Number of protein chains: 2
Amino acid sequence: MHATTLHRPTHRETLWALEEAFERGDLITVFGRCTVDYDGRASSTLGPGNRLVILKPDGSTLVHTDEKRTPVNWQPPGCEHHASVRDGRLRIRGTRQTPTETLDVDFEQIHQFSALSVTGGRDLDLQGSEEDLRQHILGDPSLVEPGFTPLETERESTAGPMDIYGKDRDDVPVVVELKRRRVGPSAASQLQRYVEALHRELGDGVEVRGILVAPSVTDRTSALLAEQGLEFVALDPDTGQPPEDEASGDVVSDSEAEDEKETADEDDSDV
Amino acid sequence: MHATTLHRPTHRETLWALEEAFERGDLITVFGRCTVDYDGRASSTLGPGNRLVILKPDGSTLVHTDEKRTPVNWQPPGCEHHASVRDGRLRIRGTRQTPTETLDVDFEQIHQFSALSVTGGRDLDLQGSEEDLRQHILGDPSLVEPGFTPLETERESTAGPMDIYGKDRDDVPVVVELKRRRVGPSAASQLQRYVEALHRELGDGVEVRGILVAPSVTDRTSALLAEQGLEFVALDPDTGQPPEDEASGDVVSDSEAEDEKETADEDDSDV
DNA sequence: GAATCTATGTCGTAG
DNA sequence: CTACGACGTAGATTC
């Protein structure tokens, strides 16, 4: 692990440092006053200002201002970084193909340069996804409704793959569409497409049910589902259980507060 | 403008520096070996590794590894930053309400701390958006089809607002849905929802046309549109013209190459 | 590569 | 606040 930092380097010093950092595969940050030009799927220009530019060894490029989670300009992974000095000014260019896109960062002044070696520990363990919800249901299909039997996941149709395909207690085909959060109209339409595709596949005379499973649903979407003869089942992706009624108050255990107290002593400090 | 950097600071030194930086409203970067725990809409844990942590004065928090454009963990704007030292270890916590979410970054080792004052120049000028496409069409409605007359944009319906509402040469109502890029099935469904809503509003006997305008369309979506009696018009959001046939080769002007040559001299350098 | 869908999507805007 | 849709969405998966 190493971290090199240059304070107020010249444009040319930064170019040298960039060359070495590219070579080492470092994660690079450049803080300075710059303009940004992007051209590709769309195009944009950004006037002069102080920004934090991040260059990752996988080709990702991020230009961050002091606001927002999303970079003001960027380049996705796989782009090629290229730095140059023209008329004494540093330019960092990121280019990619398919689609052809170019991002130019032109520096007026460089306040800080850093090259950081970032390695290891990249795998995230995430819970509460749509996949979790599916596992809950496959483990206990009656969560959808008593007598429901899943037959297939990702079953193909002309409208694309459906989340869960199965039959109800009366052997009526059922399409289940899962969403990890409150659903809007697009989810109802998506389910509708699958139901229609199955209708065509199995014959117009065959009944096909469509069930949308999500923690909750908006009013308009609820109406849309009713119109289309689709059903809704409320399930939480974390627990696989029907979500708490919003009227019920939160029950908070006091164990966490005790932990805080235990670890606090005069050597500890807060900001 | 200022930029303070600490090289291999202690956890406690970093805490002090954080306090001052929060106070000043700086953009903060902390590079170090850390673990990350997130709990909120979903929940996740991330084992030890070297990462770049960015704290913005608007409350945004980003944890970046050496890969991907998207941070491995984050907190959106509006969250509150809080730093503390427990048992000699720095913890940075970001919390927000609605929804309740907590992000904890626990440091084993801090390789570098920086506080940067980032101000001004935040306005981006972006071209080639859906709004551009709309302007092209309103300026020359015949781009959709000869005789088309736009009557309203963002016209409300029970299915939500439609991009352009108008009439064709025979006074038949037309819903136009705009997309800035190649469209998939969801766009067809969206248009279908609007057409159905208009049908109900104007009476089932009234003919309503739906036209999807985008640079191109996938095959399955094309079939979906045909089934539903919807139409497609190919237009490029940049030019407002029918997109080039993919068979036609790119015509590249050589002016850029000349520019490069002009500005290149022995003082200039590339990486 | 193209197509399709999920996402702790994020972001803007209207109600 | 919520709802709804756009986004240079990014990212994963499948074909």
Side-chain angles (χ1 to χ4, degrees), chain A residues 38-44 60 62 67-78 96-103 124 126-131 133-134 154 156-157 159-163 177-187 190 193-194 216-221 237-238, chain B residues 38-44 60-63 67-79 94 96-103 124 126-131 133-134 154 156 159-163 177-187 190 193-194 216-222 237-238:
Chain A
Y38 155 73
D39 193 66
R41 288 165 291 179
S43 64
S44 70
S60 309
L62 312 172
E67 287 185 341
K68 303 290 157 65
R69 202 214 68 148
T70 304
V72 63
N73 276 116
W74 70 89
Q75 200 69 280
R96 67 190 285 239
Q97 311 302 327
T98 63
T100 300
E101 295 195 299
T102 310
L103 183 70
L124 186 73
L126 181 68
Q127 333 248 329
S129 61
E130 184 181 299
E131 176 59 26
L133 179 55
R134 182 199 317 221
E154 304 296 327
E156 271 304 328
S157 76
M162 28 193 110
D163 285 340
E177 174 64 27
L178 308 174
K179 294 293 169 195
R180 65 172 303 281
R181 66 173 195 178
R182 188 173 176 82
V183 286
S186 64
Q190 191 182 352
R193 289 203 304 275
Y194 296 145
S216 64
V217 59
T218 65
D219 288 349
R220 187 186 280 174
T221 305
D238 284 309
Chain B
Y38 156 74
D39 193 65
R41 290 163 291 179
S43 64
S44 72
S60 310
T61 311
L62 313 171
V63 182
E67 287 186 343
K68 303 288 160 64
R69 202 214 67 147
T70 304
V72 63
N73 276 115
W74 69 91
Q75 200 69 279
C79 109
R96 65 190 285 239
Q97 311 302 327
T98 62
T100 300
E101 294 196 300
T102 310
L103 182 70
L124 186 72
L126 181 68
Q127 332 223 332
S129 62
E130 184 181 299
E131 176 58 24
L133 180 55
R134 184 201 315 225
E154 304 296 327
E156 273 304 329
M162 30 194 107
D163 285 339
E177 175 64 27
L178 308 175
K179 294 292 170 197
R180 68 171 302 282
R181 64 175 195 178
R182 187 172 177 85
V183 287
S186 65
Q190 191 183 349
R193 289 203 304 276
Y194 296 145
S216 64
V217 59
T218 65
D219 288 349
R220 187 185 279 174
T221 304
S222 192
D238 285 309

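Each chain gets a letter, A, B and so on, in the order the sequences are listed, and its residues count up from 1. Only a predicted model underlies this, so the values are computations on that prediction, with no experimental measurement involved.
The phosphate of dA12(D) (OP1 or OP2) has a side-chain N or O of Lys68(B) nearer than 4.0 angstrom. The side chain of Tyr194(A) contributes an N or O atom lying less than 4.0 Å from OP1 or OP2 of dC5(C). Listed pair Tyr38(B) / dA7(C) fails the phosphate criterion, with no side-chain N or O lying under 4.0 Å from OP1 or OP2. Remark: Thr218(A) is in phosphate contact with dC4(D), judged by side-chain N or O atoms under 4.0 Å from OP1 or OP2. Side-chain N/O atoms of Thr70(B) include none lying less than 4.0 angstrom from OP1 or OP2 on dA10(D). At the phosphate of dC4(D), OP1 or OP2 sits under 4.0 Å from a side-chain N or O atom of Arg220(A). For the pair Trp74(B) and dT10(C), the criterion of a side-chain N or O lying under 4.0 Å from OP1 or OP2 is met. Here Arg181(B) does not reach the OP1 or OP2 of dG8(D): none of its side-chain N or O atoms lies under 4.0 Å away.
Of the possible polar contacts, one joining the Glu101(B) side chain to the Arg41(B) backbone as a donor-acceptor pair under 3.5 Å is found. Not a single donor-acceptor pair under 3.5 Å links the side chain of Tyr194(B) to the backbone N or O of Gly160(B).
Between Pro76(B) and Glu131(A), the residue whose closest nucleotide on DNA chain C is further toward the 5' end is Glu131(A). Residue order along DNA chain D, read from the 5' end via each residue's closest nucleotide, puts Pro185(A) first among Pro185(A) and Ser43(A). Taking the nucleotide of DNA chain D with the nearest heavy atom to each of Glu130(B) and Thr221(A), the more 5' of the two is matched to Thr221(A). Residues Val217(B) and Pro77(B) both approach DNA chain C. Their nearest nucleotides, taken by heavy-atom distance, put Val217(B) toward the 5′ side.
Taking atom CZ of Arg134(A) as the reference point, atom P of dA7(C) lies 10 Å away to the nearest angstrom. Rounded to whole angstrom, the span from the CG atom of Leu133(B) across to the P atom of dG8(D) amounts to 14 Å. When rounded to the nearest whole Å, the span between CZ of Arg41(A) and C1' of dG8(D) equals 4 Å. Taking atom CZ of Arg96(A) as the reference point, atom P of dA10(D) lies 7 Å away to the nearest angstrom. In this structure, the CZ atom of Arg69(B) is 11 Å from the P atom of dT9(D), given to the nearest Å. dT6(C) atom C1' lies 7 Å from atom NZ of Lys179(A), rounded to whole Å. Between the CZ atom of Arg182(A) and the P atom of dC1(D) there is a distance of 15 Å, rounded to whole Å. Taking atom CD on Glu177(B) and atom P on dC7(D), their separation rounds to 10 Å, with Å as the unit.
dT8(C) and dT14(D) have their C1' atoms separated by 25 Å, given to the nearest Å. Of the P atoms belonging to dC4(D) and dG8(D), the separation is 23 Å, rounded to the nearest Å.
Side-chain contact check for Arg193(A) versus Ser157(A): every heavy-atom pair is 4.5 Å or farther apart. Put simply, the side chain of Pro77(B) does not reach to within 4.5 Å of the side chain of Glu67(A), judged on heavy atoms.
Note on Glu156(A): nothing from the nucleic acid sits closer than 4.0 angstrom, heavy atoms only. Using a 4.0 Å heavy-atom distance criterion, Pro161(B) is classed as making no nucleic acid contact. Within 4.0 Å of Ser129(B), counting heavy atoms only, lie sugar-phosphate atoms of the nucleic acid but no base atom. Contact annotation for Ala159(A): backbone-only contact, meaning every heavy-atom pair under 4.0 Å involves sugar-phosphate atoms and none involves a base. Using a 4.0 Å heavy-atom criterion, one finds that Arg193(A) contacts the sugar-phosphate atoms exclusively. Across all strands shown, Pro99(B) has no heavy atoms under 4.0 Å from either base or sugar-phosphate atoms. Thr98(A) comes within 4.0 angstrom of sugar-phosphate atoms only, judged by non-hydrogen atoms across all strands, and of no base.
In this model, a side-chain donor or acceptor of Gln75(A) finds a partner on the base of dG8(D) within 3.5 Å. No donor-acceptor contact under 3.5 Å links the side chain of Gln190(B) to the base of dG5(D). Between the side chain of Asn73(B) and the base of dT8(C) there is at least one donor-acceptor pair of N/O atoms closer than 3.5 Å.
When each of Glu131(A), Arg180(A), Gln127(A), Glu130(A) is checked for a side chain to side chain contact (heavy atoms under 4.5 Å, CB included) with Pro237(A), only Arg180(A) meets the rule.
Glu154(B) has a carboxylate O that lies under 4.0 Å from a charged side-chain N of Arg134(B), or vice versa, which qualifies the two as a salt bridge.
In the model, Ser216(A) has a side-chain atom that pairs as donor or acceptor with a side-chain atom of Arg182(A) under 3.5 Å.
If you check dC5(C) for Watson-Crick or wobble pairing at under 3.5 angstrom, you find it paired to dG11(D).
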